[in-house]
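I have placed the structure first, in the form of structure tokens, so that the comments after it can refer back to it.
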Amino acid sequence: MKDSINHQHLLCEDWKREIAFYKDELPVLRKRLEEVVSKNTDHDLLKKVEHFENKFRIMDTHFDELLHDVNAKDNALKSQAAAKPTYIHLKIVDTADNLEELMEITSKDFQETRKDYYRFLSKVM
């Protein structure tokens with residue numbers, strides 16, 4: 001499917017803001033996890049804490065990699081726009097990459113993880 005350079009650039013800007021939000025949210029989630037650890041020593045509970053610590057670490061790495069890919073795509077779009085400035089609103093860019101799907105999956109995973117995490121916190125706090 002084809003799309004305009006301008007529209008694809010705006011999508012990249014939205015994705016960058018979305019990833020930045022997720023990255024800003026992780027330290028807040030980790031801080032609450034530290035509070036749980038400081039108040040509890042139950043072995044089963046600490047396993048669940050470790051699960052979330054690992055999940056947050058993996059998500060942080062994933063966000064960095066995804067941001068790198070989005071920036072690479074955006075830079076390529078900027079190069080195309082510089083080469084063809086009169087065509088930025090025409091549907092000439094192929095949208096066959098999987099970034100849009102990856103962003104949807106990432107968003108869904110983050111929301112589900114946060115939901116599970118808050119459910120966990122409600123039980124232990």
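Any value given below was found using the heavy atoms of this structure, including those in side chains, with hydrogens, waters and symmetry copies removed.
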Is there a chain of hydrophobic side chains (I, L, V, M, F, W, Y, each step under 4.5 Å between heavy atoms) that links [X] to [Y]?
| X | Y | value |
| --- | --- | --- |
| Leu26 | Ile58 | no |
| Ile105 | Phe63 | no |
| Val124 | Phe56 | yes |

(request) Can you label the angle between the Phe52 ring and the Phe120 ring as parallel, tilted or perpendicular, going by 30° and 60°? (result)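 Rings of Phe52 and Phe120: tilted, as their planes differ by 30° to 60°.
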
May I ask you to say whether [X] pairs ionically with [Y], meaning some side-chain N is under 4.0 Å from a carboxylate O?
| X | Y | value |
| --- | --- | --- |
| Asp60 | Arg57 | no |
| Glu112 | Lys115 | no |
| Asp44 | Lys48 | no |

Measure the spacing between [atom1] of [X] and [atom2] of [Y] and express it to the nearest 0.5 Å.
| X | Y | atom1 | atom2 | result |
| --- | --- | --- | --- | --- |
| Thr113 | Glu25 | OG1 | CD | 12.0 Å |
| Leu121 | Arg119 | CG | CZ | 11.5 Å |
| Leu66 | Met59 | CG | CE | 11.5 Å |
| Thr106 | Gln111 | OG1 | CD | 11.0 Å |
| Leu33 | Leu29 | CG | CG | 8.5 Å |

(request) Assess whether salt bridge (Lys or Arg N to Asp or Glu O under 4.0 Å) is satisfied between Glu13 and Lys16, documenting all intermediate values. (result) CA-CA 5 Å; Glu13 292 299 314; Lys16 288 179 196 178; 3.3 Å; yes

(request) Could you note down all residue pairs passing salt bridge (charged side-chain N to carboxylate O under 4.0 Å, His left out) where residues 61-72 supplies at least one of them, sequence neighbours left out? (result)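 Sorted result for residues 61-72: Lys23-Asp64.
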
State, yes or no, whether a side-chain contact exists between [X] and [Y] at a heavy-atom distance under 4.5 Å.
| X | Y | result |
| --- | --- | --- |
| Trp15 | Asp74 | no |
| Phe21 | Phe110 | yes |
| Leu46 | Asn40 | no |

(request) Give the minimum heavy-atom separation between Leu77 and Cys12, together with the two atoms involved. (result) CD1-SG, 4.0 Å

(message) If I compare all heavy atoms of Val70 with all of Leu99, which pair ends up nearest, and what's the gap?
(response)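 Scanning both residues, the minimum pair turns out to be CA-CD1, 4.2 Å.
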
(request) Not counting sequence neighbours, list each pair that qualifies as a side chain to side chain donor-acceptor pair (under 3.5 Å) and has a residue in residues 30-39. (result) none

(request) Evaluate the side chain to side chain contact (heavy atoms under 4.5 Å, CB included) criterion for residues Met103 and Ile19: first the C-alpha distance (whole Å), next the side-chain angles of each, then the deciding distance (0.1 Å), finally the verdict. (result) CA-CA 9 Å; Met103 284 301 300; Ile19 294 167; 4.0 Å; yes

(message) Pairing donors with acceptors under 3.5 angstrom, does anything connect the side chains of Tyr22 and Ser107?
(response) yes

(request) Return the set of residues passing side chain to side chain donor-acceptor pair (under 3.5 Å) with Lys55 (not counting sequence neighbours), or none when no residue passes. (result)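 Testing Lys55 for side chain to side chain donor-acceptor pair (under 3.5 Å), a comparison that skips the adjacent residues, returns Asp109.
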
(message) So does Glu101 get a backbone contact from the side chain of Asn98, meaning a donor-acceptor N/O pair under 3.5 Å?
(response)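 Not a single qualifying donor-acceptor pair exists.
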
